[in-house]
Q: 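I'd like to ask some things about the structure below.
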Amino acid sequence: MIQKLFLPLLLFVSVYCQAQRVGSSPEIIKALTPGWKGERSPDGRPKVSDNLLERLKKLSLEDVWGVLRNHGYQNQYEGEWHVIHPDSGSMTGRVVTAQYMPLRPDLAAVIRDQGKAEGRNQQGGTNSWPIDVLTEGDVYVADSYLKMADGTLIGDNLGNAIYSRSHRGVIFYGSVRDEAGLSEISGFNGWVKGVDPSYIQQMMLTAINTPIRMGRAIVVPGDAVLANRYGVVFIPAQLLDTVVITSEFIELRDEFGHQRLREKKYLAGQIDSQWSDEIKKDFLHWLDEHPEKLPMSRKELDEYMKSRTW
């Protein structure tokens, strides 16, 4: 039994020690995300569906966070962001992570050499390396340890490069520069902790696609992310379908409840507690009358309802 429990950990340590890289190998990423059984990107990251990411945009952070918490994931949210376009709506995508640390010359030289061995661009700074791996639908998420002055990971040049590759924005636990230029990139958005006119110095990239900390949250490469003006929540890939359909159901339930309260059909206490069989039957009838309100297919809803506890 003990041997079975430690086997995944031993596999991860073995793979990591045999081939420590700047960018995690597909084998390492697969070892980090054993719960995902679906399609993967060439780099090993879980590739959640575009359909689920689009549906995720319409959901509230509170509902998504609540589902994650009920599944034991209590450290997936971070708030208090400076958002470049706070009124632009939600951003969703598949996470590419990067980790930065204060500069140490001997380690920086090792990282530069290792990056060269991995075929990474040797012109410019290493802060361009995570950008080079982005693909359509990816969100660049970086831990730059809240460094503001001299810690700006990108300006408008790199912002344009990011958007051209991913058609998404960035989430940085640190700062950016050239906010005016970044704000002019159509479709781009950024969740950052601050803005500063300085350029990056005395810090170094240490890893790409490794688990990182973003304030209160832990993030794993391939996570799905939901970011809006109210905060950011990171969703393990294997839970995204559950998170989406459960949150969609909760929002349908809330819409029905709000309507019935406005109609004065039920008392607030009846709606805000365990529903009676009468209310449940009324809700199901309401769904039949309003199929246009369903964000999921009726087949998905019927399958979900089989295991739903009210």
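Computed from a prediction, not measured in an experiment: that's the story for all the values here.
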Q: In Å, rounded to the nearest 0.5 Å, how long is the span from CG of Asp254 to OG of Ser60?
A: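 Interatomic distance, Asp254 CG to Ser60 OG, rounded to 0.5 Å: 8.0 Å.
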
Q: Show the numbers, then the answer: is there a side-chain contact (heavy atoms from CB on, under 4.5 Å) between Trp191 and Ile84?
A: CA-CA 7 Å; Trp191 281 254; Ile84 293 176; over 6 Å; no

Q: Hydrophobic cluster membership, with links at side-chain heavy-atom distances under 4.5 Å among I/L/V/M/F/W/Y: are Phe249 and Leu294 in one?
A: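 Cluster IDs for Phe249 and Leu294 match.
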
Q: Who pairs with Tyr304 by side-chain hydrogen bond (donor to acceptor under 3.5 Å, both in side chains), at least two apart in sequence or on another chain?
A: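 By the side-chain hydrogen bond (donor to acceptor under 3.5 Å, both in side chains) rule, Tyr304 matches Arg308.
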
Q: Within a reach of under 6.0 Å around CG of Asp272, are more than 12 heavy atoms found that belong to other residues, nucleotides or ligands?
A: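 No, the 6.0 Å shell around CG holds no more than 12 heavy atoms from other groups.
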
Q: Do Thr33 and Arg40 have a side chain donor and acceptor closer than 3.5 Å?
A: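 Side-chain D/A pair, Thr33 to Arg40: present.
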
Q: Charged N to carboxylate O under 4.0 angstrom, Arg55 versus Glu300?
A: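 Salt bridge between Arg55 and Glu300, a charged N being under 4.0 Å from a carboxylate O: yes.
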
Q: Before giving the answer on side-chain contact (heavy atoms from CB on, under 4.5 Å), spell out for Glu255 and Gln259 the whole-Å C-alpha distance, their side-chain angles and the decisive distance to 0.1 Å.
A: CA-CA 6 Å; Glu255 184 178 354; Gln259 180 179 326; 5.5 Å; no

Q: What I'd like to find out is whether the side chain of Arg213 reaches to under 4.5 Å of the side chain of Ile218, using heavy atoms alone.
A: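 A side-chain contact is absent here, since even the closest heavy-atom pair is not under 4.5 Å.
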
Q: Can you check whether Asn157's main-chain N or O pairs, donor with acceptor, with Asn160's side chain at less than 3.5 Å?
A: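 Not at all, since once roles are kept as given, no pair shorter than 3.5 Å links the two residues.
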
Q: If I compare all heavy atoms of Trp81 with all of Ile171, which pair ends up nearest, and what's the gap?
A: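 Answer, listing the atom of Trp81 first, then Ile171: CH2-CG2, 3.6 Å.
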
Q: May I have all residue pairs that pass ring-ring contact (aromatic ring centres under 6.0 Å, His included) and include part of residues 153-181, sequence neighbours excluded?
A: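 Counting only pairs at least two positions apart or across chains, the ring-ring contact (aromatic ring centres under 6.0 Å, His included) contacts touching residues 153-181 are Tyr140-Phe172, Tyr163-His167.
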
Q: Check this for me: does any side-chain nitrogen of one of Glu278 and Lys281 sit under 4.0 Å from a carboxylate oxygen of the other?
A: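 Result for this pair is no, no salt bridge flagged.
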
Q: Is there a salt bridge (charged side-chain N to carboxylate O under 4.0 Å, His left out) between Arg120 and Glu118? Walk through the geometry before answering.
A: CA-CA 6 Å; Arg120 302 187 188 279; Glu118 294 172 19; 2.8 Å; yes

Q: Please assess Asp302 against Arg298 for the test salt bridge (charged side-chain N to carboxylate O under 4.0 Å, His left out), listing each intermediate value before the final yes or no.
A: CA-CA 6 Å; Asp302 291 342; Arg298 187 67 201 218; 3.1 Å; yes

Q: Dump the intermediate steps for salt bridge (charged side-chain N to carboxylate O under 4.0 Å, His left out) on Lys57 and Glu54, then the final yes or no.
A: CA-CA 5 Å; Lys57 286 182 182 179; Glu54 193 62 30; 3.4 Å; yes

Q: Taking all atoms of both residues into account, what is the closest heavy-atom pair of Gly257 and Ile271, and its distance?
A: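 Shortest heavy-atom separation between Gly257 and Ile271 comes out as CA-CG2, 4.0 Å.
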
Q: Quick check: closest heavy atoms across Leu59 and Ser247, and the distance to 0.1 Å?
A: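 Taking Leu59 first and Ser247 second, the nearest heavy atoms are CD1-CB, 3.6 Å.
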
Q: Are more than 12 heavy atoms, taken from residues, nucleotides or ligands other than Tyr199, located less than 6.0 Å from that residue's OH atom?
A: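 No, because the 6.0 Å sphere around OH of Tyr199 holds 12 heavy atoms or fewer from other groups.
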
Q: Would Glu263 and Arg260 pass as an ion pair if we require N to O under 4.0 Å?
A: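 A salt bridge is present here (some side-chain N lies under 4.0 Å from a carboxylate O).
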
Q: Hey, does the side chain of Thr152 reach the backbone of Ser175 with a donor-acceptor pair shorter than 3.5 angstrom?
A: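 Answer holds: no.
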
Q: Indicate, with yes or no, if Val195 and Ile185 share a hydrophobic cluster defined by side-chain heavy-atom contacts under 4.5 Å among Ile, Leu, Val, Met, Phe, Trp and Tyr.
A: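 Linked within one cluster.
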
Q: Is there a side-chain contact between Asn127 and Leu205 (heavy atoms, below 4.5 Å)?
A: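 When only atoms from C-beta onward are counted, Leu205 and Asn127 do not touch, as no gap falls below 4.5 Å.
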
Q: Under 4.5 Å between side-chain heavy atoms, hopping through other hydrophobics if needed: is there a path connecting Val233 to Trp36?
A: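 Per the 4.5 Å side-chain linkage, Val233 and Trp36 are co-clustered.
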
Q: Check the hydrophobic clustering (I, L, V, M, F, W, Y; side-chain heavy atoms under 4.5 Å; chains of links allowed) and say if Val243 and Met91 are grouped together.
A: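 They do not share one cluster, since no chain of ILVMFWY contacts under 4.5 Å joins Val243 to Met91.
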
Q: I'd like to know whether CD of Gln123 has more than 12 heavy-atom contacts from other residues, nucleotides or ligands below 6.0 angstrom.
A: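 For Gln123, atom CD is not crowded (no more than 12 foreign heavy atoms under 6.0 Å).
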
Q: Is the closest side-chain heavy-atom distance between Pro102 and Met203 below 4.5 Å?
A: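 No, their side chains stay 4.5 Å or more apart.
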
Q: Can you name the ring pair (Phe, Tyr, Trp, His ring centres under 6.0 Å) partners of His71, sequence neighbours left out?
A: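 Listed in chain order: nothing, the list is empty.
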
Q: Locate the shortest heavy-atom distance separating Val48 from Ala237; write the atom from each residue and the value.
A: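 Residues Val48 and Ala237, closest heavy atoms: CG1-CB, 3.7 Å.
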
Q: Please lay out, stage by stage, how Leu284 and Met305 fare under the test side-chain contact (heavy atoms from CB on, under 4.5 Å).
A: CA-CA 10 Å; Leu284 294 175; Met305 292 294 290; 3.6 Å; yes

Q: Under a 4.0 Å N-O cut-off, is there an ion pair linking Asp282 with Lys280?
A: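 Looking at Lys280 together with Asp282, the answer is no, because their closest N to O distance does not fall below 4.0 Å.
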
Q: Counting only N and O atoms by type, is there a donor-acceptor contact under 3.5 Å from the side chain of Lys37 to the main-chain atoms of Pro34?
A: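 Answer holds: yes.
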
Q: Please assess Arg165 against Ile131 for the test side-chain contact (heavy atoms from CB on, under 4.5 Å), listing each intermediate value before the final yes or no.
A: CA-CA 8 Å; Arg165 288 179 172 274; Ile131 299 170; 4.2 Å; yes

Q: What pairs with Lys193 under salt bridge (charged side-chain N to carboxylate O under 4.0 Å, His left out), at least two apart in sequence or on another chain?
A: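 Lys193 satisfies salt bridge (charged side-chain N to carboxylate O under 4.0 Å, His left out) with Glu78 only.
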
Q: Check whether NZ of the Lys or CZ of the Arg Arg253 lies under 6.0 Å from the centre of the six-membered ring of Trp275 and within 45 degrees of that ring's axis.
A: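 Flagged: Arg253 positioned over aromatic ring of Trp275.
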
Q: Test Asn189 against every option in Ser88, Ser90, Ser183 by the side chain to side chain donor-acceptor pair (under 3.5 Å) rule and name the one that passes.
A: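 Per the side chain to side chain donor-acceptor pair (under 3.5 Å) rule, the option paired with Asn189 is Ser88, out of Ser88, Ser90, Ser183.
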
Q: Treating Ser144 as the side-chain partner and Lys147 as the backbone partner, does any N or O pair qualify as donor plus acceptor under 3.5 Å?
A: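 Not at all, since once roles are kept as given, no pair shorter than 3.5 Å links the two residues.
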
Q: Out of Leu134, Ile162, Val139, Val96, which residue meets the side chain to side chain contact (heavy atoms under 4.5 Å, CB included) rule with Arg168?
A: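 With Arg168 as partner, Leu134, Ile162, Val139, Val96 yield a single side chain to side chain contact (heavy atoms under 4.5 Å, CB included), made by Val139.
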
Q: Donor-acceptor pair, Asp150 side chain versus Gln201 backbone, under 3.5 Å?
A: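 A pair under 3.5 Å: no.
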
Q: Locate the shortest heavy-atom distance separating Val67 from Thr242; write the atom from each residue and the value.
A: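 Minimum heavy-atom separation between Val67 and Thr242: CG1-O, 4.4 Å.
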
Q: Report yes if some heavy atom in the side chain of Leu240 is under 4.5 Å from a heavy atom in the side chain of Arg94; otherwise report no.
A: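 Heavy-atom side-chain distance check fails, nothing below 4.5 Å.
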
Q: For Gln76 and Pro236, work out which heavy atoms get closest and say how close.
A: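 That would be NE2-CD, 4.4 Å.
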
Q: Is it true that, when you exclude Gln122 itself, more than 12 heavy atoms of the residues, nucleotides or ligands shown sit nearer than 6.0 Å to its CD?
A: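 Enclosed.
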
Q: Determine whether a donor-acceptor pair (N or O, by modelled atom type, separation under 3.5 Å) exists between the side chain of Ser164 and the backbone of Ala161.
A: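 Between the backbone of Ala161 and the side chain of Ser164 there is a qualifying donor-acceptor contact (under 3.5 Å).
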
Q: Examine distances only and state if a side-chain atom of Arg21 and a backbone atom of Gly23 form a donor-acceptor pair shorter than 3.5 Å.
A: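 Confirmed, Arg21 side chain pairs with Gly23 backbone.
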
Q: Kindly work out whether a path of hydrophobic side-chain contacts (I/L/V/M/F/W/Y, heavy atoms less than 4.5 Å apart) joins Tyr145 to Met214.
A: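 Different hydrophobic clusters.
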
Q: Suppose we screen for salt bridge (charged side-chain N to carboxylate O under 4.0 Å, His left out). Which residues come up paired with Glu179, at least two apart in sequence or across chains?
A: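 Applying salt bridge (charged side-chain N to carboxylate O under 4.0 Å, His left out) to Glu179 gives none.
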
Q: Could you verify whether a donor N or O on one side chain and an acceptor N or O on the other, from Asn51 and Ser49, lie under 3.5 Å apart?
A: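 No, no side-chain donor-acceptor pair sits under 3.5 Å.
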
Q: Mind listing the side-chain donor-acceptor pairs of residues 219-230 below 3.5 Å, one per line with the distance, residues two or more places apart or on another chain?
A:
unit_1: Asp223; atom_1: OD2; unit_2: Val220; atom_2: N; d: 3.0
unit_1: Asn228; atom_1: OD1; unit_2: Tyr230; atom_2: N; d: 2.8
unit_1: Arg229; atom_1: NH1; unit_2: Asp87; atom_2: OD1; d: 3.0

Q: Assess the pair Tyr77 and Trp65: is the distance between their ring centroids shorter than 6.0 Å?
A: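 No, the ring of Tyr77 stays outside the 6.0 Å limit from the ring of Trp65, centre to centre.
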
Q: Quick one: does any side-chain atom of Thr97 pair with a main-chain N or O of Ile212 as donor and acceptor, under 3.5 Å?
A: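 The answer is no, because no donor-acceptor pair under 3.5 Å joins these two groups.
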
Q: Can you confirm whether the side chains of Thr206 and Gln99 place a donor and an acceptor under 3.5 Å from each other?
A: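 There is such a pair (donor and acceptor under 3.5 Å, judged by atom type) between the side chains of Thr206 and Gln99.
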
